[in-house]
Amino acid sequence: QVGSAAKYFLDKNRDFFGVAAADLTQPVVTKVDRSYLVGFRQTLNGTPIRGANIRVMVNEFGDLESVKSFILREPMAPAAEFAQFDLIEAQLADQGITITQAEGQYYFPQYDPSSMTPVWCVLGSDVENMPWEFFFDPLTGQRWETRRVVFELGEVTGAVMGYYPDPEDI
């Protein structure tokens, strides 16, 4: 229900945010203390755009607390066509990579919106259980890029007290 309300809010304010509800994925709702974080990914013709998202925080009473928007206004890119995944899957299996996630998406090979192009994005781990991310040509299956994933920290425990951003109160 909170996801639908957030989507309605975003659609009602589409001129401000630069995206309509139809260009967003289904919401992912996460409980955070007594509030709800509602996250959407931006899509272009149904294909997710890497890194383009909008997050809405709603409190327990249904009031809007905050919005963070990383949206690409009026995205333009070649049509997303994706060949069968079998070729990519076989390449990675031959290298001992266990695939944990694969998705056709748009990404920015040059970190510039004008470079947006379709890509197969694959997450996996090697024989030493180290996480990797791979980007492949969506039609030929040729590997374009390999990235070592460094945000997999595992379990983080502890307590933080104080009020950010006051550095004297942390």
- request: Could you walk me through whether M76 and M116 pass side-chain contact (heavy atoms from CB on, under 4.5 Å), step by step?
  value: CA-CA 8 Å; M76 296 186 342; M116 188 167 78; 5.9 Å; no

- prompt: If you group Ile, Leu, Val, Met, Phe, Trp and Tyr by side-chain heavy-atom gaps below 4.5 Å, do V122 and W132 land in one group?
  reply: yes

Contact check, side chains of I99 and L92, non-hydrogen atoms, under 4.5 Å: yes

- prompt: Has F70 got more than 12 heavy atoms of other residues, nucleotides or ligands less than 6.0 Å from its CZ?
  reply: yes

message: Treating T98 as the side-chain partner and G124 as the backbone partner, does any N or O pair qualify as donor plus acceptor under 3.5 Å?
response: no

message: Quick check: do I54 and L10 have side-chain heavy atoms less than 4.5 Å from each other?
response: yes

query: Can you list the steps and then say if R143 with E145 is a salt bridge (Lys or Arg N to Asp or Glu O under 4.0 Å)?
result: CA-CA 6 Å; R143 187 182 306 185; E145 188 176 345; over 6 Å; no

Student check: side-chain heavy atoms of C121 and R50 closer than 4.5 Å: yes

- prompt: Cluster question for you: counting only ILVMFWY and a side-chain heavy-atom cut-off of under 4.5 Å, with indirect links fine, are F16 and L24 together?
  reply: yes

- prompt: So, does D137 use its side chain to make a donor-acceptor pair with the main chain of Q142 at under 3.5 Å?
  reply: no

- request: Starting at CZ of F61, measure out to OG of S35 and round the result to the nearest 0.5 Å.
  value: 9.5 Å

E65/R55 salt bridge by N-O under 4.0 Å criterion: no

Side-chain heavy atoms of V56 within contact of L64, under 4.5 Å: yes

statement: All heavy atoms of F40 vs all of G3, minimum pair found to be CZ-O, 3.8 Å

- request: Tell me whether F135 is reachable from L123 by hopping between hydrophobic residues (I, L, V, M, F, W, Y) whose side-chain heavy atoms are closer than 4.5 Å.
  value: no

- prompt: Same cluster for L44 and F108 if Ile/Leu/Val/Met/Phe/Trp/Tyr side chains link at under 4.5 Å?
  reply: yes

task: Assess whether side-chain contact (heavy atoms from CB on, under 4.5 Å) is satisfied between L72 and Q42, documenting all intermediate values.
output: CA-CA 8 Å; L72 183 62; Q42 184 181 10; 3.8 Å; yes

- request: Before giving the answer on side-chain hydrogen bond (donor to acceptor under 3.5 Å, both in side chains), spell out for S114 and D112 the whole-Å C-alpha distance, their side-chain angles and the decisive distance to 0.1 Å.
  value: CA-CA 5 Å; S114 67; D112 174 359; 3.0 Å; yes

- prompt: Under a 4.5 Å cut-off applied to non-hydrogen side-chain atoms, are F134 and I97 in contact?
  reply: yes

- prompt: Run the salt bridge (Lys or Arg N to Asp or Glu O under 4.0 Å) check on E60 and K31 step by step: do they pass?
  reply: CA-CA 10 Å; E60 63 188 315; K31 184 98 166 102; over 6 Å; no

- request: Report yes or no: does Y106 contribute a side-chain atom to a donor-acceptor pair with the main-chain N or O of A80 at less than 3.5 Å?
  value: yes

- request: Go through the steps to decide whether M57 and K68 satisfy the test side-chain contact (heavy atoms from CB on, under 4.5 Å), and finish with yes or no.
  value: CA-CA 9 Å; M57 185 70 85; K68 287 191 177 182; over 6 Å; no

- line: Note: S69 and I71 closest approach over all heavy atoms is OG-CG1, 3.2 Å

- prompt: Does atom CG of N129 have more than 12 heavy-atom neighbours, drawn from other residues, nucleotides or ligands, at distances under 6.0 Å?
  reply: no

task: Report, as yes or no, whether the 6.0 Å neighbourhood of atom CG on D33 holds more than 12 heavy atoms from other residues, nucleotides or ligands.
output: no

- request: Could you state whether L87 and V119 fall into the same hydrophobic cluster, counting links through intermediate Ile, Leu, Val, Met, Phe, Trp or Tyr residues with side-chain heavy atoms under 4.5 angstrom apart?
  value: no

task: Would you name the heavy atoms of G104 and P48 that are closest together and state the gap between them?
output: O-CD, 3.7 Å

query: Is Y107 atom OH crowded by more than 12 heavy atoms from other residues, nucleotides or ligands, each under 6.0 Å away?
result: yes

message: I want to check something: taking the side chain as every heavy atom from C-beta on, are R34 and N59 in contact at a cut-off of under 4.5 Å?
response: no

- line: OG1 of T117 to CD of Q110, rounded to nearest 0.5 Å, is 10.0 Å

message: Run the ring pair (Phe, Tyr, Trp, His ring centres under 6.0 Å) test on F136 and W144 for me, step by step, so that the C-alpha distance in whole Å, both residues' side-chain angles and the decisive distance to 0.1 Å come before the verdict.
response: CA-CA 5 Å; F136 293 89; W144 282 347; 9.1 Å; no

Non-hydrogen side-chain atoms of D23 and R14 separated by less than 4.5 Å: no

- request: Take F82 and W120 through the ring pair (Phe, Tyr, Trp, His ring centres under 6.0 Å) test and state the conclusion after the steps.
  value: CA-CA 8 Å; F82 299 95; W120 271 112; 5.5 Å; yes

task: Hey, could you give me the CZ/NZ distance between F17 and K12, rounded to the nearest 0.5 Å?
output: 12.5 Å

- request: Please examine the side chains of T43 and I49, heavy atoms only from C-beta on, and report whether any two atoms are closer than 4.5 Å.
  value: no

